[in-house]
Each structure stands twice: as structure tokens, then as C-alpha cells.
Amino acid sequence: MKKIEDIVRQEQNKIGAQEILMPTIQSSEIWKESGRYDDYGEEMLRIKDRQNREMLYGPTNEEQVTEIFRSSFKSYKSLPQLLYHIQWKFRDEIRPRFGIMRGREFYMKDAYSFDVTDEDAFYSYNKFFLSYLRTFKRLSLTAIPMAADTGPIGGNLSHEFIILADTGESKIFTDKRIFDLNSEGTKLEKSSLEQLRTKYEQYYSVTDEKFNKDEFEKMVTEENRLITKGIEVGHIFYFGDKYSKAMSAAVDLPGGKKDFVKMGSYGIGVSRLVGAIIEAKYDDQNEIMKWPLSVAPYDIALIPMVNKNDTSALEKANNINNELIKHKIDAIIDDTDENFSSKIKKMNLIGAPYQIIIGKKSDGDLLEFKETGGDTQNLSLDKIIEIITKQKVTN
Ligand code: ATP
Ligand code: MG
């Protein structure tokens, strides 16, 4: 999860967002100002402090970040502001399930944008649109932006980022051709970002809340229709002055007037992504998990054949590991003396993307190397190091 978090962080920083850290426990006062203290309902975990003041465990942070914004920024000159944090959230979900996929406590990256005009705000929105496509690509996921409902966050422009999975809880209706698109070549400039949005929005792609049968059938020819299920890994919203107006977050404009700032919010389910990647990458027929190298718990598994009388293969594994460490390649060694096929099965599930198998007869310079789930090749350690290092650079 920490490796996923790092990629999410890097891609936020690349669009000029600034990291902050807000607390998990919030005062009810700001939620009363926005009107959501009553609206949010049973999903909000409400608690009291020793003075009997009403507190809550944050399910999201629009109110809190608006409070920080209004006490820190007074002028249009300070805008835009793109602020984010990566922090635990709590939602008392009616149906928590599938472990980390829908937990009550979960880890989320949430960002917030503040601008003077709608036009500037759309520019900020599009920066996040790009950063989400880049983030999911680095996690080796095909996440499709879909026009979505805004739900309790409110507002009128919103996209959910969804990856396909049979176990997913979101029903989706798309034009298949959207899967061939990517964000390559897009620059962090207004017109380039607008082109990116237009490129994606030319294809019908919605979740069930926005689904309209007539529209779908009109816009998508039969052979391009795809109706399936997916997992929501990210969600972006534009909601204008919904919170800034209710909570009086205004800035001075050039002419001397004041106006409420225009805001958006942008979430990624960091802990849900751990489960989502497993759903996407686990091959249940062959019982093989292969993590994307960018977030794999280990780069490679060393699997020596070990028994009480003969530990030479284990020694060889240790020597290989010392060499790998020098090249910053992170290995897991299965040093147990379990039978060989159960060791392979276990390592196939742990899911390091590469394996070296060190049998009894393994001597000489060539090693039995493979991509987890792939075919074995006999290669020298130098060659193996070269392959993995090259792959790491592209992440
Ligand atoms: P869902 O429809 O799945 O409940 P949401 O629309 O309520 O999601 P947002 O408020 O947009 O979610 O939160 C941003 C992201 O946080 C979601 O896209 C999702 O990846 C993640 N997320 C939301 N709720 C949970 C949860 N209970 N457990 C794990 N991750 C979650
Ligand atoms: Mg929800």
C-alpha cells in the first residue's frame, strides 16, 4: 500500500498540488455550517469529547479544507490552490464487504482545488483528470473515466474512474473504443487538457446512475456496446461555490470586489487499490498473482530447493540476493524446507513478478529465471539484473 501511496503522491505533485495533513477527527461546527451534519446521516461516525462537544471521524474533508482555506488565503493572487492529503477516513457503511475493498476505515488521497472563476476551476479539474489517468497507468490498471452522479458531495460535473472486474459493485455502460485511449502526449496546459477530456467524452461511458437507454443505443453501435461491472478507484467532482458560499470562503478580486471561491474535490481509494490490483492481476485458473513491478511487495522471489542434508541451493540463493541488493533489487527468499511444489504454489500467490528457481543440480552460471506465470529461461544473473532494472526504469 505504501508503494501505491508513493505513486499517487508523485502524480499529485507533478500537477502542482501541495501536500498537507489534516486530522482524522473533526469538529461538528464546520459541518453544521455547510449543512451536511444532518444530511450525511448514519454513515458518519459521531463522537463526543470530554466537554460533551460533538465531534466526528472524517468521512471526507470538504468542510475542513474550506476552513483551512478561508483562514489562510484572502486574495485572488494566492490562487489557484491545489491541496491534498493522504489520510484515513471512516464511513459507517451499511454493507462493508470484500475486506479492504469496502471497509469502514480506509485510506484515501483527497485533493481540493480553489479558483476564482469557473474557467480556472475547469482547468484545475482537468489537471486532476490527467493525473488520475497517469496514476492508474503506473499501477498498470486501465481505469476509465465515466460520467457520474455527484451524490452527497454535491455539484454538477463529475467522473468516476473505474476498472473492469466481475466482483465490482459499479454497473457500467460504455463504448468499447474508450479502452484504446490514453493520455500520452497531453501537456499540463489548458488546451491540451481540454483536448484530452474531449477525446474521452466522445465515447459514451457512464455508471448506472447516469444511464439512459435511448442515449446509449443512439450513441453506440451494437458491436461497440459494453455492459459490465467495475470497481471505482477514483472520483472527481466540480461543485463551484457550494461549500465556499455556505462557509464564507471568499477572496478579494482585482477590482476590489470579493467573490466566493470555486472548488472541486478529487479522491483516490489508496487502500481499495490494493484489492483492485489483485482483482485485476490475479489469474484464478492457474492460481497465479503477478503484481505490477511498480508496486510489487518484492521484485523477485528466490526459490531454492532446501533439505536438512543439503543447503547448497539456499547458500546460492543468499549469494544471488547479495548481488541483487547491490542493484537495488528487492528479493524474497523462500528458505523453508517444505516440498518444492508447495513452495512454488505459495510464491505464485505472494506474487513477486519474477522468480529464480534454484534446484539441486543448479550449478554453472545460468539460472532458471521466469516472469511469474511465464516460461522458464536460462539466463545469467547479469542478464536477469539487466532485465529487471530496465523494467523498473519505465515505471
Ligand atoms: P462508493 O460508491 O464505492 O461508496 P464513493 O463514491 O462513496 O464510493 P468517494 O466519496 O468518491 O467514494 O471516495 C473516493 C474514493 O475512495 C472512491 O473512489 C473509492 O475508491 C474510495 N472509497 C470510498 N469508500 C470506500 C470504502 N468504504 N472502503 C474503501 N475505499 C473506499
Ligand atoms: Mg460510498
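FYI, the numbering just counts along the sequence from 1. As the structure lists them, so they are numbered: ligands from 1, and atoms in each ligand from 1. Everything quoted here is computed from the prediction, not taken from an experiment.
Ring orientation note: the planes of F129 and H159 are nearly perpendicular, at an angle over 60° on the 30°/60° scale. Using cut-offs of 30° and 60° for the angle between ring planes, the Y132 and F136 rings count as perpendicular. Taking the six-membered ring for Trp and thresholds of 30 and 60 degrees, Y107 and W88 have ring planes inclined between 30 and 60 degrees apart.
Between Y84 and Y112, the gap from one ring centroid to the other reaches at least 6.0 Å. Ring centroid separation for the pair Y238 and F122 comes in under the 6.0 Å cut-off.
With a 4.0 Å cut-off on non-hydrogen atoms, R104 does not touch ligand 1 at all. With a heavy-atom cut-off of 4.0 Å, I100 touches ligand 1 through its backbone alone. If you look at E169 next to ligand 1, there are no close heavy atoms at all, none under 4.0 Å. With a 4.0 Å cut-off on non-hydrogen atoms, E232 touches ligand 1 through its backbone as well as its side chain.
For ligand 1, the atoms lying closer than 4.0 Å to a non-hydrogen atom of G103 are 26 (C), 27 (N), 28 (N). Proximity to G234 (heavy-atom distance under 4.0 Å) selects the following atoms of ligand 1: 18 (O). The ligand atoms of ligand 1 that sit less than 4.0 angstrom from a heavy atom of G269 are 15 (C), 16 (O), 20 (O), 21 (C). Residue-ligand proximity, E93 to ligand 1, at heavy-atom distances under 4.0 Å covers atoms 24 (N), 26 (C), 27 (N).
Note: an N/O pair closer than 3.5 Å links H235 and ligand 1 by distance alone. Close N/O approach between G267 and ligand 1 is not found [any backbone or side-chain N/O within under 3.5 Å]. Geometrically, ligand 1 and R102 share a nitrogen or oxygen pair separated by less than 3.5 Å.
Around atom 9 (P) of ligand 1, the closest heavy atom drawn from E43, R91, R272, E160 belongs to R91.
Contact of the Q195 side chain with the E189 side chain is not registered, since no non-hydrogen atoms from C-beta on lie closer than 4.5 Å.
Put simply, part of V233 is less than 4.0 Å from ligand 1, judged by heavy atoms. Distances from ligand 1 to the non-hydrogen atoms of S271 include no value under 4.0 Å.
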- Derivation and outcome, side-chain contact (heavy atoms from CB on, under 4.5 Å), residues Q81 and F69: CA-CA 9 Å; Q81 284 293 330; F69 179 89; 4.2 Å; yes
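Between the side chains of D241 and S244, no donor-acceptor pair is found at a separation under 3.5 Å.
The pair K218-E215 does not meet the salt-bridge criterion, since no charged nitrogen lies less than 4.0 angstrom from a carboxylate oxygen.
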